[in-house]
Engineer: 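Quick one: structure below, then a few questions.
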Amino acid sequence: MDIFAEFRTTILAALDMLVADGTLPEGLETRGITAEPPRDATHGDIASNAAMAVAKPAKKNPREIASALATILAEDPRVDKAEVAGPGFMNLRLSEAFWRERLADALVQGDDFGKSDVGAGRHVNVEYVSANPTGPLHVGHTRGAIFGDALASLLEFAGHKVTREYYINDGGSQVDTLARSAFQRYREALGHAPEMAEGLYPGDYLIPVGQAMVDKWGDSLLDKPEDDWLLDVRNFATDAMMDLIREDLASVGVVMDEFYSEKSLYGKGVIEDAIAALEEKGLIYQGVLEPPKGKKPDDWEPREQTLFKSSEFGDDVDRPIKKSDGSWTYFAPDIAYHYDKLQRADELIDVFGADHGGYVKRMKAACKALSGGEERLDIKLTQLVKLFENGAEFKMSKRAGTFVTLKDVIDMVGPDVTRFSMLTRKNDAPLDFDFAKVKEQSKDNPVYYVQYAHARICSAMRKAANEAGLSALNDASLAKSDLSTLKHEAALGLVKKIAEWPRQVRGAAENHEPHRIAFYLYDLASEFHSVYNLGAKNPELRFVQEGKEIETKALLALIRATAITISNGLRILGVTPVQEM
RNA sequence: GUCCUCGUAGCUCAGCCGGAUAGAGCACCAGAUUCCUAAUCUGGAGGCCACAGGUUCGACUCCUGUCGGGGACACCA
């Protein structure tokens with residue numbers, strides 16, 4: 001349960017009472033009213049702006065309203081003290097007994113602690129990675145993969161039904177290029193020198209594909225014209241690349257529910273249907289686009305083509321869906337794909353790299369048009385990953401051989417560190433990834449800080465079971481044990497931090513911001529480490545106290561609830577909650 | 001030229017749908033280990049939240065403009 005949401009409801013009920021007795025007028029706007037942890041803990045446990053928010057329409061002094069509210073709230077058994085502060089805040093201080101019950105809640109709920117129903121079972125389709133099937137994934141894709149995956153897990157935890165989806169761009173000319181590149185590796189496998197013409201993919205990863213082609217076709221393709229083999233080789237190589245990509249994804253713990261092929265849209269009228277849906281709304285027309293502002297391409301000439309009125313939905317200009325020769329542009333199958341997704345899910349999220357930023361408006365426009373003006377698509381851009389080695393930036397280049405793949409990164413630093421590092425940053429902020437830092441000074445990496453907290457708890461639990469010989473240390477019985485010895489300010493502070501977890505999940509899920517989970521876990525770990533170290537000076541805070549079973553069990557309940565929260569959070573981020581370090 | 005995005009401590013970044021005295025880590029200074037893992041903890045110092053207006057009880061947060069960094073800009077995907 002999210003105590004802040006709960007108290008917000010309580011406060012709204014108190015406002016209703018004030019309306020009923022005539023203190024406040026009816027029909028007040030309550031949307032802006034909050035109940036949240038105050039920035040400064042000395043202000044109390046929950047702060048509300050309710051009085052200030054209604055003061056103006058009610059034409060009353062905010063402090064007076066706050067005072068009336070406080071009088072009502074002070075009667076609540078969960079509340080120790082309700083007071084007015086500043087311009088009209090109402091601060092609530094909750095009883096220790098109330099906090100101890102929250103601890104018991106966390107223990108009882110276990111893996112479910114923090115789950116919420118904000119998703120209300122709505123089906124969300126999260127599309128991410130969707131890299132062209134022409135080679136292994138690189139670092140840039142890694143960020144998108146990790147972000148999308150954590151976002152999907154987060155939404156799941158918040159009560160959504162989630163589909164993790166990958167759109168395979170296997171319908172365009174880049175897969176022809178792939179086929180031609182693979183064919184050169186095929187020739188090479190048969191003892192001929194490969195002719196890597198300009199524009200082909202020179203990477204080594206196609207060498208085994210060439211060999212596999214020999215296994216499949218022998219030398220039968222060697223002297224045939226391209227038209228005879230292109231289709232087969234294209235399919236073969238695309239499949240091989242998708243296998244490679246699936247392996248790459250699995251190495252960072254990403255498993256997709258759905259791989260959706262662009263090619264499957266062609267020739268079945270799917271694209272035509274989607275375009276027809278837009279045409280019905282009068283959003284398709286023949287026209288000629290203005291030349292682009294600024295630097296004009298040398299070969300620019302006016303061309304009549306089929307256009308979509310995306311500018312009616314917030315795009316800068318209308319966008320072509322057919323080339324002047326009548327074939328589809330890339331945008332057309334993409335519209336069809338999203339049209340299909342809209343029918344399969346309630347909400348869509350696309351995770352794009354920053355280099356696709358220019359595509360956002362038109363895609364949103366198309367979805368808005370197709371869903372009757374509703375905003376059902378959110379697009380998250382992941383900014384570029386800047387690579388550093390020993391403090392110096394280096395650019396990736398296929399030619400120069402400084403192309404860093406996802407596999408390189410995972411082999412060097414491991415999935416946990418990679419995932420946590422990339423998630424302790426907002427998706428739309430650029431990310432500096434310094435190998436030296438992440439790998440050698442790994443003790444400075446926040447992921448270890450959080451994992452260490454979890455490991456310390458596991459260690460204390462082992463000690464309690466082995467040395468102190470305590471029995472019945474499972475969470476269910478700890479939840480029922482006497483927690484009234486939990487009084488120390490630092491211990492209660494940790495309880496309060498744990499009780500914030502459900503609210504954090506909700507906030508992160510509603511805003512599609514998994515990084516908040518990472519930051520929260522860091523804070524939680526910090527509070528835990530602090531309590532741990534206080535045990536040096538304050539023996540009553542040592543988790544395992546010889547001969548004091550009641551005190552020990554109360555503290556074990558506290559740290560187990562901490563471990564549960566850390567573990568639930570790390571599970572969302574896809575990071576292992578280690579038992580020891 | 002247009003659009004998107006970012007600008008917060010020396011550095012890397014948080015700051016929740018507008019709330020009270022703007023927070024962490026690193027680096028710097030001073031401390032803690034007969035004690036459950038020191039990959040830890042305690043304290044200090046460090047700020048015109050790029051700049052200028054606007055909206056209001058209140059702005060790091062929302063709006064407009066300026067400056068600065070990054071990205072994208074016809075029938076490529």
Side-chain angles (χ1 to χ4, degrees), chain A residues 31-32 34 36-40 43 47 49 52-53 55-56 62 85-89 91 132 169 171-175 262 289-297 299-301 303-306 315-317 319-327 329-331 334 353-361 381 383-384 386 424-426 428-430 432 434 437 441-446 448-449 451-453 455-457 459-464 467-468 503-504 506-508 510-511 513 515-516 518-520 522-523 526 529-537 539 542-545 555 559 580-581:
Chain A
R31 216 176 30 186
T34 58
E36 53 193 7
R39 189 167 294 178
D40 185 341
H43 289 143
N49 65 349
M52 289 181 291
K56 201 174 188 188
F89 286 101
N91 294 330
N132 284 343
N169 291 115
S173 59
Q174 78 280 7
V175 282
E262 176 193 351
L289 286 173
E290 297 281 305
K293 305 274 194 291
K295 54 178 180 213
K296 192 196 250 184
D299 59 342
W300 190 89
E301 58 183 44
R303 268 182 279 244
E304 182 172 284
Q305 30 187 185
T306 308
D315 200 358
D316 308 313
V317 291
R319 302 292 176 177
I321 55 169
K322 272 188 183 176
K323 302 175 195 172
S324 50
D325 67 5
S327 63
T329 63
Y330 174 74
F331 190 33
D334 231 7
D355 54 341
H356 286 62
Y359 211 71
V360 170
K361 281 188 176 179
L381 295 180
Q383 274 292 345
L384 302 181
K386 268 200 218 168
T424 41
R425 202 123 320 186
K426 278 184 302 193
D428 50 7
D432 293 342
D434 190 323
K437 232 181 215 165
Q441 302 179 1
S442 54
K443 68 178 163 113
D444 291 334
N445 197 305
Y448 294 110
Y449 187 81
Q451 287 182 319
Y452 186 40
R456 274 182 153 176
I457 293 168
S459 164
M461 294 305 294
R462 284 191 294 269
K463 180 175 167 111
E467 294 176 28
R503 176 182 139 86
Q504 292 291 343
R506 188 183 47 150
E510 282 174 351
N511 293 285
E513 291 181 344
H515 78 272
R516 292 194 197 186
F519 281 94
Y520 168 80
Y522 189 88
D523 284 349
S526 173
H529 286 308
S530 184
V531 172
Y532 181 98
N533 277 70
L534 279 174
K537 291 250 168 66
R542 291 180 56 78
F543 305 146
V544 182
Q545 297 174 30
L555 282 159
I559 64 172
E580 53 193 331
M581 299 186 72

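These numbers were taken from a predicted model, which means no experiment stands behind them. First the proteins, then the strands, lettered A, B, ... as listed; each starts at 1.
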Engineer: Could you check whether any side-chain N or O of A:Asn49 sits under 3.5 Å from a backbone N or O of A:Gly32, counting only pairs where one atom can act as donor and the other as acceptor?
Structural biologist: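 It does hold such a pair.
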
Engineer: Which whole-number value in Å describes the distance from A:Gln451 CD to B:A39 P?
Structural biologist: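 Computing the A:Gln451:CD to B:A39:P distance gives 14 Å.
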
Engineer: Classify the side chain of A:Asn533 and the base of B:U40 as holding, or not holding, a donor-acceptor pair under 3.5 Å.
Structural biologist: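 Flag set: donor-acceptor pair detected.
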
Engineer: Taking atom types as they are modelled, would you say the side chain of A:Asn91 forms a donor-acceptor pair with the base of B:A20 within the 3.5 Å cutoff?
Structural biologist: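 For A:Asn91, whose side chain was compared with the base of B:A20, there is a donor-acceptor pair (under 3.5 Å).
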
Engineer: Rounded to whole angstrom units, what separation is found between the CZ atom of A:Arg39 and the P atom of B:C16?
Structural biologist: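 Distance, rounded to whole Å: 8 Å.
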
Engineer: Measure the distance from CG on A:Asn511 to C1' on B:G18 and round it to the nearest whole Å.
Structural biologist: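 In whole Å, B:G18 C1' lies 15 Å from A:Asn511 CG.
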
Engineer: A:Gln383 CD to B:G70 P: how many Å, rounded?
Structural biologist: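 Nearest whole value for this atom pair: 12 Å.
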
Engineer: B:U5, B:G19, B:U21: which one has an atom nearest the side-chain heavy atoms of A:Asp428?
Structural biologist: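 The listed nucleotide nearest to A:Asp428's side chain is B:U5.
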
Engineer: Could you check whether A:Phe89 and the base of B:A20 form a stacked pair, meaning centres closer than 5.5 Å and planes differing by less than 30°?
Structural biologist: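 Aromatic stack with B:A20 present for A:Phe89.
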
Engineer: Counting distance only, does the side-chain N/O of A:Thr329 pair as donor-acceptor with the main-chain N or O of A:Phe331 below 3.5 Å?
Structural biologist: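 At least one qualifying donor-acceptor pair exists.
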
Engineer: Could you check whether any side-chain N or O of A:Asp334 sits under 3.5 Å from a backbone N or O of A:Tyr330, counting only pairs where one atom can act as donor and the other as acceptor?
Structural biologist: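 No, because the side chain of A:Asp334 does not come within donor-acceptor range (under 3.5 Å) of the backbone of A:Tyr330.
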
Engineer: If you write RNA chain B from 5' to 3' in dot-bracket form, with Watson-Crick or G-U pairs under 3.5 Å, [ ] for crossing pairs and | for pairs with another strand, what do you get?
Structural biologist: (((((((..((((.....[...)))).(((((.......))))).....(((((..]....))))))))))))....

Engineer: List in chain and number order the residues that pass salt bridge (charged side-chain N to carboxylate O under 4.0 Å, His left out) with A:Glu301, two or more places apart in sequence or in another chain; answer none if no residue qualifies.
Structural biologist: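 So A:Glu301 forms a salt bridge (charged side-chain N to carboxylate O under 4.0 Å, His left out) with A:Arg303.
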
Engineer: State whether the aromatic ring of A:His356 stacks on the base of B:A72, taking stacking to mean ring centres under 5.5 Å apart and ring planes under 30° to each other.
Structural biologist: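 Ring-base stacking flag not set for A:His356 and B:A72.
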
Engineer: Between A:Phe543 and A:Tyr532, what is the ring plane arrangement, given parallel below 30°, perpendicular above 60°, and tilted in between?
Structural biologist: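 Plane angle over 60°, so perpendicular.
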
Engineer: For B:G25, does OP1 or OP2 lie under 4.0 Å from any side-chain N or O of A:His529?
Structural biologist: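 No, no such contact exists.
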
Engineer: Could a donor-acceptor pair under 3.5 angstrom be found where the side chain of A:Arg31 meets the base of B:C17?
Structural biologist: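 Counting by modelled atom types and ignoring angles, no donor-acceptor contact under 3.5 Å is found here.
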
Engineer: Under 3.5 Å, side chain of A:Gln174 to main-chain N/O of A:Asn169, donor-acceptor pair present?
Structural biologist: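 Checked: pair present.
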
Engineer: Please report the distance, rounded to the nearest Å, between OH in A:Tyr522 and C1' in B:U12.
Structural biologist: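 The distance from OH of A:Tyr522 to C1' of B:U12 comes to 12 Å, rounded to the nearest Å.
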
